[in-house]
Amino acid sequence: MDTANVYGWGENKGRTEEILGNWFAQGGDRRDRTVIATKVYGNMGADGEAWPNHDKLSAVNIRRAVDASLKRLQTDHIDLYQFHHIDRATGFDEIWQAIDTLVQQGKVLYAGSSNFPGYKIAQANETAARRGGTIGLVSEQCLYNLAERRAEMEVIPAAQEYGLGVIPWSPLHGGLLGGVIKKEVQGGRRASGRAADALADPAQRAQIQAYEDLLDKHGVEPGEAALAWLLTRPGVTGPIVGPRTAEQLASALRAVELELSRELLAGLDEVFPGPGPSPEAFAW
């Protein structure tokens, strides 16, 4: 389960962790059968003001934030504790000092990053290596999907170099890759947010139409294809899905078993060309 201390947002920040904690409290080995991944960085102050050590990645805030998350989650440890963003004001020696203490206390098992550029992944793990005994980052959670492939330039190569698992968020790009035009034509749920913004651009709408036409030709559902494509990508551990219905969950599970043909993979690359390998993509 992926969450963050600020999820719920506004006056409800922390509420998502509380919901999960109440579910774990029902027993039945629920906690033992679940991997909890939560995050730290956002401001959790009740008044919303970012006082020093109320947000980001200072050692004090990390220690306070872990204890607060553990209380909301009703558990004694977090499996994967992720830095939700880079903190330009806090060095990794301080960050790792806090994480090392939490690991020794058994409150955190592993640390990961989210929304980190490649150079910060390298900086974090090089600092961990110099410290000795610090495990460093084990995962990077980044925006990555067919329509947004910039992570292939630096983030994913850095993650592979340092042995991090890549956990893509927004694998359907806000619903844009889930058959949004087909649903619109059929009178279903209309696009909103990122998907609506993209469809307002004639060039992007034509690209999504080409994508849906290609998958219709191969008899594959768009959302399932987008998830299955991510599972073919080097370094990807597994995309984060957020189904709203039982059918959406079933569709995500079907994607695990879906094998995309070479012809279809080539067609997807034509519709959504990646940036190419780094540094050749920008140097030559």
Side-chain angles (χ1 to χ4, degrees), residues 1-28 30-87 90 95 98-99 102 107-116 139-145 148 167-176 178 189 191-197 238-246 248-249 252:
M1 291 183 174
D2 177 78
T3 186
N5 57 353
V6 294
Y7 286 174
W9 308 109
E11 61 183 18
N12 292 313
K13 55 191 170 186
R15 181 59 181 147
T16 301
E17 287 185 332
E18 290 176 352
I19 291 172
L20 293 174
N22 291 336
W23 184 75
F24 291 134
Q26 296 177 37
R30 295 178 181 218
R31 175 63 187 93
D32 291 339
R33 299 174 65 182
T34 303
V35 174
I36 294 179
T38 192
K39 308 181 193 74
V40 58
Y41 181 88
N43 175 24
M44 294 297 290
D47 56 7
E49 291 190 47
W51 287 88
N53 297 315
H54 277 187
D55 64 356
K56 300 183 179 176
L57 303 178
S58 71
V60 172
N61 186 56
I62 288 174
R63 290 196 294 267
R64 289 174 177 169
V66 163
D67 287 339
S69 286
L70 289 173
K71 183 177 180 180
R72 287 189 290 267
L73 290 165
Q74 299 190 50
T75 185
D76 63 352
H77 72 280
I78 293 166
D79 300 289
L80 177 62
Y81 201 49
Q82 301 164 108
F83 311 132
H84 212 162
H85 199 276
I86 62 171
D87 182 354
T90 305
I95 293 170
I99 295 298
L102 295 171
K107 295 180 179 180
V108 168
L109 299 187
Y110 299 100
S113 58
S114 182
N115 307 308
F116 270 34
S139 63
E140 160 60 19
Q141 186 180 138
C142 59
L143 175 61
Y144 183 40
N145 55 57
E148 176 48 83
I167 310 171
W169 61 266
S170 195
L172 301 186
H173 209 55
L176 188 65
R189 186 168 179 257
S192 60
R194 184 184 293 124
D197 292 341
I240 295 172
V241 297
R244 292 181 297 104
T245 66
Q248 288 179 353
L249 176 60

Item to check | Full working for side chain to side chain contact (heavy atoms under 4.5 Å, CB included) between Asn145 and Leu172 | outcome: CA-CA 7 Å; Asn145 55 57; Leu172 301 186; over 6 Å; no

Next on the checklist: Show, in sequence, the C-alpha distance, side-chain angles and deciding distance for Val108 and Val66, and conclude whether the side chain to side chain contact (heavy atoms under 4.5 Å, CB included) test is met.
Outcome noted: CA-CA 8 Å; Val108 168; Val66 163; 4.2 Å; yes

Short side-chain to backbone donor-acceptor contact, [X] and [Y], under 3.5 Å:
{"X": "Lys56", "Y": "His85", "value": "no"}
{"X": "Arg30", "Y": "Gly27", "value": "yes"}
{"X": "Ser113", "Y": "Phe116", "value": "no"}
{"X": "Glu148", "Y": "Tyr144", "value": "no"}
{"X": "Asp55", "Y": "Asn43", "value": "no"}

Checklist entry - Within a radius of less than 6.0 Å around CD of Glu11, do more than 12 heavy atoms belonging to other residues, nucleotides or ligands occur? => result no

Checklist entry - Is the count of non-hydrogen atoms from other residues, nucleotides or ligands lying under 6.0 Å from Phe24 atom CZ greater than 12? => result yes

Checklist entry - When you look at His77 and Leu109, which way does the side chain to side chain contact (heavy atoms under 4.5 Å, CB included) test go after all the steps? => result CA-CA 7 Å; His77 72 280; Leu109 299 187; 3.9 Å; yes

For [X] versus [Y], what's the shortest heavy-atom pair and its separation?
{"X": "Ala195", "Y": "Gly175", "value": "CB-C, 4.3 Å"}
{"X": "Ala111", "Y": "Ile99", "value": "CB-CG2, 4.2 Å"}
{"X": "Leu143", "Y": "Ser170", "value": "CD1-CB, 3.7 Å"}
{"X": "Ala4", "Y": "His84", "value": "CB-CE1, 3.8 Å"}
{"X": "Ile167", "Y": "Ser139", "value": "CD1-CB, 3.9 Å"}
{"X": "Gly238", "Y": "Pro168", "value": "O-CD, 3.5 Å"}

Side-chain donor-acceptor contact under 3.5 Å, [X] with [Y]:
{"X": "Asn115", "Y": "Gln141", "value": "no"}
{"X": "Lys39", "Y": "Tyr7", "value": "yes"}
{"X": "Ser58", "Y": "Asn53", "value": "yes"}

A side-chain contact here means heavy atoms from C-beta on lying under 4.5 Å apart; do [X] and [Y] qualify?
{"X": "Ile36", "Y": "Leu20", "value": "no"}
{"X": "Glu18", "Y": "Leu73", "value": "no"}
{"X": "Gln82", "Y": "Asp2", "value": "yes"}
{"X": "Gln74", "Y": "Asn22", "value": "yes"}
{"X": "Tyr41", "Y": "Val6", "value": "no"}
{"X": "Gln248", "Y": "Val241", "value": "no"}

Item to check | Residue pairs passing the salt bridge (charged side-chain N to carboxylate O under 4.0 Å, His left out) test where at least one lies in residues 71-86, sequence neighbours excluded | outcome: Glu17-Arg72, Arg31-Asp79

Next on the checklist: Go through it in stages, so that I can follow the logic: the residues are Lys13 and Met44, the test is side chain to side chain contact (heavy atoms under 4.5 Å, CB included), and I'd like the CA-CA distance, side-chain angles, deciding distance and then a yes or no.
Outcome noted: CA-CA 7 Å; Lys13 55 191 170 186; Met44 294 297 290; 4.1 Å; yes

How far does [atom1] of [X] sit from [atom2] of [Y], to the nearest 0.5 angstrom?
{"X": "Ser69", "Y": "Tyr81", "atom1": "OG", "atom2": "OH", "result": "5.0 Å"}
{"X": "Ile240", "Y": "Ser114", "atom1": "CD1", "atom2": "OG", "result": "7.5 Å"}
{"X": "Leu57", "Y": "Phe83", "atom1": "CG", "atom2": "CZ", "result": "6.5 Å"}

